[in-house]
Number of protein chains: 2
Amino acid sequence: MRDVAALAGVSLKTVSRVVNGESGVSADVRDRVAAAVLRLDYRPNLAASNLRRTVARTGLLGALVQDLSNSYSAGLLRALEDGARPHRTAVLAASLDEGIERERELVHDLVSRRVDGLVIMPASERQDYLVTELRSGPPVVFVDRPPRGIVADSVMVDHALGARLAAAHLLEQGHRRVAGLFHLARISTVQDRLAGYRAAHEALGLTPDPGLVVTDLSTADEAAAAVLALLDLADPPTAIFAGRNILAAGAVAALAERGLRRTVALVGFDDFPLADLLDPPLTVIRQDVGRIGRTAAEMVFGRIGGDTQTPRQVVIEPTLVTRGSGEIPPPA
Amino acid sequence: MRDVAALAGVSLKTVSRVVNGESGVSADVRDRVAAAVLRLDYRPNLAASNLRRTVARTGLLGALVQDLSNSYSAGLLRALEDGARPHRTAVLAASLDEGIERERELVHDLVSRRVDGLVIMPASERQDYLVTELRSGPPVVFVDRPPRGIVADSVMVDHALGARLAAAHLLEQGHRRVAGLFHLARISTVQDRLAGYRAAHEALGLTPDPGLVVTDLSTADEAAAAVLALLDLADPPTAIFAGRNILAAGAVAALAERGLRRTVALVGFDDFPLADLLDPPLTVIRQDVGRIGRTAAEMVFGRIGGDTQTPRQVVIEPTLVTRGSGEIPPPA
DNA sequence: GGGCCGTCTGACAACGATGTCACGTTCACG
DNA sequence: CGTGAACGTGACATCGTTGTCAGACGGCCC
């Protein structure tokens with residue numbers, strides 16, 4: 001900047017004025033400065049600029065998601081990016097991999113970097129630690145999972161409703177042995193999905209067989225192994241509810257191995273690319289990830305803009321997308 | 001920081017020393033400062049710190065990919081994140097959507113933010129503009145597509161080889177009418193894939209029918225429409241090579257619509273989740289995206305660390321993954 | 001007891017930019 | 001022709017931190 005000022009024969013402040021398009025600079029001077037900027041490839045240092053500015057915005061949005069390579073997280077991130085762009089804000093993204101300590105470290109790091117806002121899909125069960133972290137820190141919006149131990153904005157689908165829709169759909173067709181595959185039981189949304197699965201049974205005066213419920217499944221392989229074990233039962237399930245996208249993938253693989261893809265009904269939670277091209281096409285509970293991301297972005301930028309309403313919990317209704325795999329009837 | 005210093009009864013510099021774990025601070029003072037830091041929830045301002053430091057690192061890696069929600073980009077991003085973490089570096093990610101102007105803007109923005117390094121999957125055909133941008137800017141590594149008009153490191157698969165493997169695989173089984181679906185013809189890697197597709201034909205003394213080659217397909221829907229049109233030809237293709245992951249998805253959908261999934265052979269470029277669960281499972285050319293990302297991260301951090309070797313072009317060999325869809329024989 | 005050294009600490013400038021304010025011109029007006 | 005407002009510009013302090021250097025202090029040696 002000093003060099004630009006020297007080359008243009010003006011003061012630092014005037015260079016600043018031109019670079020920031022402030023008024024009150026004569027056309028002549030503006031041109032001279034612009035020429036010098038081009039000639040020297042001058043790029044303002046955003047960090048220094050933000051340091052000095054009164055309304056200090058780093059133009060950074062922190063996004064902590066479960067796993068960047070997972071289609072759900074990736075879709076969410078993309079929606080956040082689109083929501084951030086109009087605000088001239090870039091997205092700092094990181095994966096938590098369900099790591100609680102990692103969540104803490106990453107939040108700390110992002111706060112130190114003075115992000116303007118934070119969108120987080122928490123791995124931890126409680127986020128009390130955020131209270132101090134955020135006392136004078138950036139606004140936070142929770143997605144996919146609700147905040148615990150702290151009051152904050154959140155956007156998520158009704159997990160219990162989604163699971164209930166899925167299980168009810170299978171039960172309505174006459175299935176009475178509906179297996180349930182779930183992710184880590186310690187996660188609140190997993191508990192919600194489990195509750196929804198049970199509620200669907202109870203609404204019909206039924207009780208799910210505990211032997212058909214498997215929790216703490218993290219990978220497709222684990223889900224496949226669980227399904228194979230279930231199929232080996234004396235009284236195997238005639239339908240399966242997979243409480244997470246990759247668990248549905250594992251279930252499909254297991255059913256394929258036994259040649260039962262057209263025999264055992266399957267409904268998954270979370271849509272994913274190509275689900276409609278499977279054979280039979282996969283019936284799923286869809287969460288509108290784009291809408292979730294856009295809503296989260298709106299909320300966080302609202303807070304950044306000074307919105308001080310009491311925190312809102314936005315709940316988005318999931319929908320059942322019937323494609324075939326969930327409409328296989330039980331054996332006569 | 002001033003408050004911490006006051007509370008601990010020491011100078012600013014001493015707080016700095018304690019926070020940065022510098023030696024030469026008595027245990028007593030260190031404890032007092034640490035207590036004050038905790039009490040006041042003090043967080044060092046990374047931007048200010050980097051501004052002053054001699055070896056200024058922002059701890060930011062810029063990653064410009066085609067589309068964050070695409071499984072290929074997402075997988076790459078994840079690998080970059082993993083490669084960046086040991087260097088205490090966070091990833092600033094953005095989507096280009098094949099937008100040339102957008103690429104320019106985003107690069108400019110990232111340079112202004114003083115990222116330590118840049119990994120870019122370029123949308124533009126030539127990157128001359130980067131020469132000035134990077135004269136005293138961060139090191140850049142290109143992924144997936146080669147740099148043009150600028151000398152820089154790059155990591156990518158051999159696109160021509162991949163396409164050749166795919167087309168040769170189909171031709172070897174006796175197919176003589178192998179359609180080719182391709183993305184934007186202006187993109188160099190698309191040209192490479194086209195060349196590979198042609199080379200496979202020429203190796204057998206054949207010439208691909210221009211009527212079976214469709215370029216400038218961007219979406220699954222466009223690919224599906226193209227395939228339907230091809231199937232309506234008087235002499236339709238007996239096999240299809242889809243030069244990009246979502247084009248394969250479109251092709252599958254079109255074949256499904258005509259009930260030809262087990263009749264027309266199909267090989268895709270780029271693997272994706274669930275490709276093995278399709279019926280028939282999809283035969284693809286796989287690029288090891290994790291390896292590409294890790295290699296790119298290694299290269300960019302090498303440069304950041306002061307490596308000044310002449311730029312390297314790392315080429316990773318794609319592999320043919322046979323699963324079924326590509327092994328359908330031509331009609332007798 | 002004087003000199004020297006090592007240890008610990010603080011004062012000050014600097015990183016690259018912007019907010020504040022005051023100064024010098026120009027020009028319309030009475 | 002004097003006055004004052006409007007305009008254009010620059011000097012200086014400042015943002016939150018770290019590099020440099022100097023000084024205070026205690027202990028050791030001769």
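In this text, all values refer to a predicted model and were calculated from it rather than measured experimentally. Throughout, a chain's letter reflects where its sequence line sits, starting with A, and its residues are numbered from 1. Values below: every heavy atom of this structure, side chains too, minus hydrogens, waters and symmetry copies.
Residue B:Val25 is in sugar-phosphate contact alone, with no base atom involved, counting any heavy-atom pair closer than 4.0 Å across all strands shown. Across all strands, B:Val29 comes closer than 4.0 Å only to sugar-phosphate atoms, never to a base (heavy-atom distances).
Here D:dA13 presents its P atom at 18 Å from CG of A:Leu51, a figure rounded to the nearest Å. For the pair A:Glu22 CD and D:dG10 P, the computed distance is 14 Å after rounding to whole Å.
In this view, A:Val289 and A:Tyr72, A:Leu76 satisfy the side-chain contact (heavy atoms from CB on, under 4.5 Å) rule, not counting sequence neighbours. Shown here are the side-chain hydrogen bond (donor to acceptor under 3.5 Å, both in side chains) partners of B:Ser112, two or more places apart in sequence or in another chain: there are none. Contacts of A:Ile187 classified as side-chain contact (heavy atoms from CB on, under 4.5 Å), with partners at least two apart in sequence or in another chain: A:Glu98, A:Arg145, A:His183, A:Leu184, A:Thr189, A:Val190. In this structure, the salt bridge (charged side-chain N to carboxylate O under 4.0 Å, His left out) partners of A:Asp109, at least two apart in sequence or on a different chain, are A:Arg113. Qualifying side-chain contact (heavy atoms from CB on, under 4.5 Å) partners for B:Ser69, counting only residues two or more places apart in sequence or in other chains: A:Arg78, B:Asp67. Remark: B:Arg39 engages no residue in a salt bridge (charged side-chain N to carboxylate O under 4.0 Å, His left out) (not counting sequence neighbours). With sequence neighbours excluded, no residue forms a salt bridge (charged side-chain N to carboxylate O under 4.0 Å, His left out) with A:Arg104.
Non-hydrogen atoms lying under 4.0 Å from DNA chain C are contributed by A:Arg43, A:Pro44, A:Asn45, A:Ala48, A:Ser49, all within residues 43-50 of chain A. Near-neighbour residues of DNA chain D inside residues 2-13 of chain B, defined by a heavy atom below 4.0 Å, number-ordered: B:Leu12, B:Lys13.
The pair A:Glu125-A:Arg186 meets the salt-bridge criterion, since a charged nitrogen lies less than 4.0 angstrom from a carboxylate oxygen. Comment: A:Glu298 does not engage A:Arg294 in a salt bridge, judged by the lack of any side-chain N to carboxylate O separation of less than 4.0 angstrom. For A:Arg102 and A:Asp97, the salt-bridge test passes: some basic side-chain N is under 4.0 Å from an acidic carboxylate O. Using a 4.0 Å cut-off between a side-chain N of Lys or Arg and a carboxylate O of Asp or Glu, B:Asp153 and B:Arg303 qualify as a salt bridge.
Among residues at least two apart or in separate chains, there is no ring-ring contact (aromatic ring centres under 6.0 Å, His included) pair with a member in residues 99-147 of chain A.
The base of D:dG10 sits within donor-acceptor range of the side chain of A:Arg17, with an N or O pair under 3.5 Å.
Taking side-chain N and O atoms only, A:Ser26 has a distance below 4.0 Å to OP1 or OP2 of D:dT9.
The closest donor-acceptor contact from the side chain of B:His159 to the backbone of B:Ser188 lies at 3.5 Å or more, if one exists at all.
Axis angle, first five pairs versus last five pairs of the helix from C:dG1-D:dC30 to C:dG30-D:dC1: 60°, rounded to 10°.
First and last contacting nucleotides of DNA chain C toward chain B (any atom under 4.0 angstrom from a heavy atom, 5' to 3' order): C:dC8 to C:dG16.
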